[in-house]
Amino acid sequence: MAVKRVYTFGNGQAEGKADMKNLLGGKGANLAEMNLIGVPVPPGFTITTDVCIEYNDIGKDAVVDLLKSDVEAAIKNIEALTETSFGDKTNPLLVSVRSGARASMPGMMDTVLNLGLNDDSVAGIAIKSGNERFAWDSYRRFVQMYGDVVLGMKPESKEEIDPFERIMEEVKEQRGVDLDTDLEVEDLKELVKLFKAAVKEQTGHGFPESAWEQLWGAIMAVFDSWNNDRAILYRRMESIPDEWGTAVNVQAMVYGNMGDNSATGVAFTRDAGTGENVFNGEYLINAQGEDVVAGIRTPQQITKEGSLRWAELQGVLEEDRAMMYPSLEEAMPVVYGELNAVQDKLEKHYKDMQDLEFTVQDGKLWLLQTRNGKRTGAAMVKIAMDLYREKVIDDKLALMRVEPNKLDELLHPVFDMDAIGSANELAKGLPASPGAASGQIIFFADEANKYPDTILVRIETSPEDLEGMLVAKGILTARGGMTSHAAVVARGMGKCCVSGAGALKIDYKERVLRIGGNIYKEGDWISLNGSTGKVYDGRVKTRQPDLDGDFASIMDFSAKYTRMNVRTNADTPKDAKTAREFGAEGIGLCRTEHMFFEGERIKTVREMILSSDEKGRRAALDKLLPFQREDFEGILEAMKGYAVTIRLLDPPLHEFVPHTEAAQQEMAKEMGISLAEVKTKVSDLSEFNPMLGHRGCRLGNTYPEITEMQARAIIEAALNLKAKGITTVPEIMVPLIGTVEELKMQSDIIHQTAEIIFAERGDKVEYMVGTMIEIPRAALTADKVAEVAEFFSFGTNDLTQMAFGYSRDDANKFLPIYLEKGILKHDPFQVLDQTGVGQLVEMGTQRGRSTKPDLKVGICGEHGGEPSSVEFCDSVGMNYVSCSPFRVPIARVAAAQANIKKNG
Ligand code: ADP
Ligand code: MG
Ligand code: MG
């Protein structure tokens, strides 16, 4: 069968449907679906994402050949449904050409509106609509968009101004008007003329008059926009694969710019910031497309309730509000009623919060887009739980709706109520994206790194600012509403944002911000409350958030549906306690060396390392024993009842010795040896490849007395707690083995030490001895290793390092470039490389269990808290994953989701 490249929709029928997002992109699939469920959508067609891939391979001409007859047929279909004719002078069909990938990438790619207009058809449109101004307004918009998007006139750097914007500003100034809606027909005609002259001057070619030439140009430009810098950056941020490509949607135009009975807007079925179940959004009368989000005019609210709330926040008087900024509910009550019914229908249909685009053409409502709305972490949790309580979705689906990584936002601090009460309020804007942020002011996105904590202050933001927005702690804009670029992007990132704070006077050139009589310079501190829209002077104190309510319910669902346990990596009782509060069931990795650095201990450690014989080492170790025992008691007690995996000393000894002359001098004095001797010892310890050198079990096998001391500290700690009635389950873990013999020697020492202590005390405790699997050879010989090991824990940091041959400490020299060039899709130290390193993990688990079917297996690398890696760990049958305390909730949800995905 021939490949189907074009899918039509219109008039209640569609060749595609909602579950065809991969092929049609999210926008195309939902345009089709909305047709099928009786929502009014202008007719059109979708060119598949596969064609974008073909285009990248074979180029424009070949793709046009492939598409030509299908696109011509699909245009005929629109012509028939709209009773217009593409390229006609008197009754022309105008279309939009829109991008739309599988995953929503708002504003990242390009769209062209009003395509099909030229010097002849603009007259036709004017006569047909009886509205000359509308015709010329559409035409000037078209030439501008086509010039920017298709003819490449959009400036590349932020210093340059868009040539069309500049011309527009000049004409507005000449006419003495502020708003583009105040321009007259003659002005618009003049604009078109000037725009076209600019096109000719900059590109060397006249503006294309043929509708078909325009159409093919726009289709290819949309394909090209898949590879623009913004889109690439956004994909990297959201881990969207480069191979997906974008679909192209060609759709009959509907006109929100036809006069005062026309409008355009965006709406959300629930609050994307807080999750509250209130219909909300913004619109503009006599406007088109992106006008609402572009921050050119002040957008108005959809509902009356929202409008009143907005006016209060903005300090707009009721009579001004009702006159100048009425809600859609007040201005167009019938249309509002229809829209309200449609939003309800769409939310029930998709069973999730929807983000809608609509246009009203001369009193008739049209929907142009629906998608599951982007939301903050807090809104994500609330909406999932509300829909569950409304019985729209069940507990499993509510849990699946949680994007594990977004939970991170909920764990961040909020402002302390008392501190906020006494803080100096500077200005009030819109609560665009909740959260608390304090930082130093910067005015340019590419300087977001200038201080550790920055607040990006802009008149408004644009897609170019994306990277800086990601780095900044908070975003503050002077212009723009709740659906402005800044607001939408910030909510998607879960970043605190206050938008539209009108009192702000920003001077980019002088790098100052004026609010009332105050002047703030770059680097000054301010604080934002994204939940109230308030801006404060200086730094305001924060506190930990409350994690009960809906968050706790999601955690309960996770506990109900998970197969794996989640443990934590913790070296201190404090971390262990935090992790317990987040629901960690045990410690998967307690690093003992961190305890070596604290306070005076480091001196004793150095004494041990620098001793020239076993006797000297033992003397130092005897001094360390009580400290270690006390530490272990603390940790074991904090995790009482749960397993605690304690890793024996791992890093190369060189990391512990003094490197400055002063410290070496002090050391010499303390040990009663000469400075020269200390220096010799230190340089003896230095290695060419310390990560592959004298470390891990190699330390314990060359200096058995270190293992003896650590084993003793652990066993005695457990016995001491037992005496207090506290049960513990220590799991002693030997690091960095490559052969079973290495493990055997360590395990013998541990068991012998334990027996000695049991005899001394006349009492016993349960304990286990196991190993880390972090050297490829250990994974390959895991069946042998399991003859000795009572458990395995995959140390995927070292395993990744050794499987790839990338030094973790040097990888930052090339990894960023590898990611940029697409040699690697992810940083393998963050996201487990399932294809390569994953094989070692899977094989190690299987081979280990071929010897010991009940072998307990876990993971303790950074990957244990990364959702896709957690899913992989579930698929190979691990018993648990272990991650840092603040990632425990994320791993718990990811683990439960993995199990639901596998077993339903
Ligand atoms: P994005 O993916 O960046 O949101 P869209 O393709 O949705 O871009 O289009 C940009 C704007 O143009 C939106 O506001 C949309 O509603 C409007 N638009 C797109 N197609 C049409 C059309 N056929 N008629 C009227 N407005 C349209
Ligand atoms: Mg859109
Ligand atoms: Mg390691």
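Computed from a predicted structure; not experimentally measured.
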Mind checking salt bridge (charged side-chain N to carboxylate O under 4.0 Å, His left out) for [X] and listing every partner two or more places apart, or none if nothing turns up?
X	answer
Glu687	none
Arg371	Asp355
Lys744	Asp748
Asp352	Arg375, Arg401

Strictly by modelled atom types, are [X] and [Y] linked by a side-chain donor-acceptor pair under 3.5 Å?
X	Y	value
Glu787	Thr851	no
Asn569	Ser882	yes
Gln830	Glu866	no
Asp631	Gln628	no

Output every pair passing salt bridge (Lys or Arg N to Asp or Glu O under 4.0 Å) with a member in residues 235-247, not counting sequence neighbours, ordered by first then second residue. Arg235-Asp242, Glu243-Lys825

Salt bridge (Lys or Arg N to Asp or Glu O under 4.0 Å) partners of residues 554-579, not counting sequence neighbours, each pair once: Asp395-Lys560, Arg563-Asp874, Arg567-Glu731, Asp571-Arg591, Lys577-Glu581

Mark yes when over 12 heavy atoms from residues, nucleotides or ligands other than [X] sit less than 6.0 Å from its [atom1]; otherwise mark no.
X	atom1	result
Asp684	CG	yes
Met691	CE	yes
Glu409	CD	yes

So, are Lys852 and Glu790 salt-bridged, with charged N and O less than 4.0 Å apart? no

Gap between atom [atom2] of [Y] and atom [atom1] of [X] - 0.5 Å precision:
X	Y	atom1	atom2	result
Ile602	Met595	CD1	CE	14.0 Å
Arg712	Thr707	CZ	OG1	14.0 Å
Thr845	Leu840	OG1	CG	10.5 Å
Asp827	Leu815	CG	CG	5.0 Å
Ile232	Ile240	CD1	CD1	12.5 Å
Met400	Ile900	CE	CD1	6.0 Å

Can you name the side-chain contact (heavy atoms from CB on, under 4.5 Å) partners of Met843, sequence neighbours left out? Leu780, Arg847

For Ala247, which residues count as a side-chain contact (heavy atoms from CB on, under 4.5 Å) partner, sequence neighbours excluded? Thr46, Thr49

Nearest heavy-atom neighbours spanning [X] and [Y]:
X	Y	value
Ala490	Met469	N-CE, 4.5 Å
Leu653	Tyr703	CD1-CE1, 3.8 Å
Pro573	Ala638	O-CB, 4.0 Å
Val566	Ala895	CG2-CB, 4.4 Å
Ala811	Phe829	CB-CE1, 4.2 Å
Ile737	Met772	CG1-O, 4.0 Å

Side-chain contact, heavy-atom cut-off 4.5 Å: [X] with [Y]?
X	Y	result
Tyr767	His751	yes
Cys860	Thr645	no
Met639	Pro730	no
Val870	Met564	yes
Phe656	Leu649	yes
Ile775	Asp798	no
Glu842	Gln834	no
Glu593	Asp650	yes

Donor-acceptor pair, side chain of [X] and main chain of [Y], under 3.5 angstrom:
X	Y	value
Arg849	Leu855	yes
Glu467	Ala445	no
Lys406	Met380	no
Asp833	Gly836	yes
Gln710	Leu648	no
Asn565	Tyr880	no
Gln746	Gly700	yes
Thr728	Lys640	no
Thr771	Val734	yes
His863	Pro828	yes

Residues forming a ring-ring contact (aromatic ring centres under 6.0 Å, His included) with [X], sequence neighbours excluded:
X	value
Phe582	Phe886
Phe551	none
Phe804	Tyr806
Phe557	Tyr388

CA sep, side-chain torsions, deciding dist, call: Leu466, Arg230, side chain to side chain contact (heavy atoms under 4.5 Å, CB included): CA-CA 8 Å; Leu466 210 61; Arg230 270 180 286 148; 5.8 Å; no

Please lay out, stage by stage, how Lys495 and Thr376 fare under the test side chain to side chain contact (heavy atoms under 4.5 Å, CB included). CA-CA 8 Å; Lys495 182 141 298 187; Thr376 63; over 6 Å; no

Does Thr800 form a side chain to side chain contact (heavy atoms under 4.5 Å, CB included) with Arg808? I'd like the steps, not just the answer. CA-CA 9 Å; Thr800 299; Arg808 237 189 310 165; over 6 Å; no

